[in-house]
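Notes follow the structure.
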Amino acid sequence: MNTLKLLPTLLSRTAQNTLPRAFTSSVENPLDESHKWPRKIFSGIQPTGSLHLGNYLGAVQKWAELQNSGEDVTYCIVDLHSITVPQDPEKLRNNIIQMTATMLACGIDPNKSTLFLQSTVKEHSELNWILGSLTTIARLRHLPQYKDKTQKMKEIPLGLFLYPVLQAADILLYKTTHVPVGEDQVQHIQLTQHLGSLFNNRFGTTFPDCHAIIDRKEAARIRSLRDPSKKMSKSDPEVKSCIYLTDEPDVIVEKIKKAVTDFTSEVTYDPENRLGVSNLVAIHSLVSNGKTPEEICKDVQGIDTGKYKMVVAEAVIEHLKPIRTKINEYLKNPSELVYILDDGREKARTIAEETMAEVKQKVGLGANMSEFAMLKKVSKGV
Ligand code: AQP
């Protein structure tokens, strides 16, 4: 239905995109600084099991806020990224369904957001190849996520090395201006800016400059409960380091009870010097309807960190309860989830196809070759 509605727009845009303008603009038109880009939000999440509090508070909670404030938002379940480490095919498909249910339960509304599965829009892989041909091995080798993830690996998959380029393709394909992410992704957004401007300089203005949105300091980096010097991460082998949205209440209590703090019993928010307790205050603040860390500390004045852990656990359990219930509800109807992803794919594909046609034409690849041949014929006066 969407496709039909969009067809006239698509056709008229294609017709407007007259051949001589497109071919000459590619090399002769330098970077157009004055171009005004519409504000567009894009972000992605890997379908690797359940969401943890870091993913939720650092990214997805913000995604729903942006959607509800009327922004143009596109959210992608990035399955191609997840296969950079080995995946069991059956489990991966289950995880895609699980992640779709989780997104909806966290407030992503397919009527307001475009929610789709990355591998169903082939243009992500195509743009990845083109951008990969622009970037250098030296630029990728120094990215901290690559260094962290491969530290203990003997054989490093090429995909793990290249995935920041695919991430840049994901973002640029939709001419994104803003990307809501956690702090761990900042270098990848910088790489995206670099590749976008490299492309623009070489082939003419095509992509806007994009910016990371990290506006809530306390959410930017949720820390491991067992080692607060590290970020909360699903690949952490320490099971109690990470709270999942689907954890049962008793598991959440157990994990927070075991959270590493320090020898001072007072509850204060001092993220520079007291990483562990400040992490708990940050989590508490983010699940408490806009209460600041300072207000939280004032509320719990007089209780020690041991007792405070129970207060945090209770707040987290309360906040996650409706989300867990909704996840289970959505999971009862997987076909509906697949339908939502299919619908999202159609919306995403319309934009992705348009961008790729422009990119291929500018790079000199095989798009519109028949029109090119016609133009040659005309210029030779045949
Ligand atoms: N600890 C965190 N604090 C704040 N934000 C975080 N994000 C991840 N961890 C934290 C943000 O979550 C979004 C989606 O992340 P992803 O699915 O791509 O997973 P990831 O970044 O690889 O992080 P994970 O879940 O912990 O996985 P591993 O163990 O593979 O590193 C991103 O916006 C990310 O910033």
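Just so you know, ligand 1 is whichever comes first in the structure, and atom 1 is the first atom listed for that ligand. Computed over heavy atoms, backbone and side chain alike; hydrogens, waters and symmetry mates excluded. Since we're looking at a predicted model, the values are computed, not measured.
The closest approach between a heavy atom of H52 and any atom of ligand 1 is below 4.0 Å. Judged by the shortest distance from any of its heavy atoms, A219 lies inside the 4.0 Å radius around the atoms of ligand 1.
C106 approaches L245 most closely through the heavy-atom pair SG-CD2, 3.8 Å. Pairing each heavy atom of C297 with each of Y269, the nearest pair is SG-N, 3.6 Å. Counting all heavy atoms, side chain and backbone alike, E266 lies closest to R274 at O-NH1, 2.8 Å. Listed here is the closest heavy atom pair of S119 and D79: OG-OD2, 2.5 Å.
Protein heavy atom at the shortest distance from atom 13 (C) of ligand 1 is A59 CB, 3.8 Å. Closest to atom 32 (C) of ligand 1, if we only count protein heavy atoms, is Q185 CG, 4.1 Å. Of the protein's non-hydrogen atoms, I222 N, 2.9 Å is the one closest to atom 3 (N) of ligand 1. The closest protein non-hydrogen atom to atom 15 (O) of ligand 1 is N55 ND2, 3.5 Å. Scanning the protein for heavy atoms near atom 23 (O) of ligand 1, the closest one is K231 NZ, 3.0 Å. Among protein heavy atoms, the minimum distance from atom 14 (C) of ligand 1 is reached at I45 CD1, 3.4 Å.
Shown in contact with R221 at under 4.0 Å from a heavy atom are these atoms of ligand 1, numbered in order with element: 3 (N), 4 (C). Close contacts between ligand 1 and S233 involve ligand atoms 26 (O), 28 (P), 29 (O), 31 (O) [criterion: under 4.0 Å to a heavy atom]. Close approach of ligand 1 to G182 is summarised as follows: ligand atoms under 4.0 Å from at least one heavy atom of the residue are 5 (N), 33 (O), 34 (C), 35 (O).
At a threshold of 4.5 Å between non-hydrogen side-chain atoms, the residues S233 and D184 do not count as touching. Residues S288 and I296 meet the side-chain proximity criterion, which asks for heavy atoms closer than 4.5 Å. At least one side-chain heavy atom of T355 sits under 4.5 Å from a side-chain heavy atom of V359.
Polar contact check, Q145 against ligand 1: no nitrogen or oxygen pair lies under 3.5 Å apart. Close N/O approach between D236 and ligand 1 is not found [any backbone or side-chain N/O within under 3.5 Å]. The shortest N or O to N or O distance between G54 and ligand 1 is below 3.5 Å. Between M232 and ligand 1, at least one pair of N/O atoms sits closer than 3.5 Å. Checked by distance only, ligand 1 and G58 stay at 3.5 Å or farther apart across all their nitrogen or oxygen atoms. Residue contacts with ligand 1: S235 is placed with a nitrogen or oxygen under 3.5 Å of a nitrogen or oxygen of the ligand (distance criterion only). At a 3.5 angstrom cut-off on N or O pairs, K234 counts as close to ligand 1. Considering backbone and side-chain atoms alike, S43 places every N or O at 3.5 Å or more from each N or O of ligand 1.
Considering only non-hydrogen atoms, atom 35 (O) of ligand 1 lies nearest to D184 out of T84, V181, D184.
Taking the six-membered ring where the residue is Trp, Y308 and H284 present tilted rings, their angle falling between 30° and 60°.
In K234, the NZ atom is crowded: over 12 heavy atoms of neighbouring residues, nucleotides or ligands sit closer than 6.0 Å. Heavy atoms of other residues, nucleotides or ligands lying less than 6.0 angstrom from CG of N289 number 12 at most. Open room surrounds CD on E314; 12 or fewer heavy atoms of other groups in view lie less than 6.0 Å from it.
Results of the side-chain hydrogen bond (donor to acceptor under 3.5 Å, both in side chains) test with S50 over N55, N95, T246 single out T246 as the only residue that passes.
Partners of K122 according to the side-chain hydrogen bond (donor to acceptor under 3.5 Å, both in side chains) rule, which considers only residues two or more places apart in sequence or in another chain, do not exist here.
At a heavy-atom distance under 4.0 Å, atoms from both the backbone and the side chain of Q46 approach ligand 1. Contacts between K149 and ligand 1 below 4.0 angstrom, taking non-hydrogen atoms only, involve the side chain exclusively.
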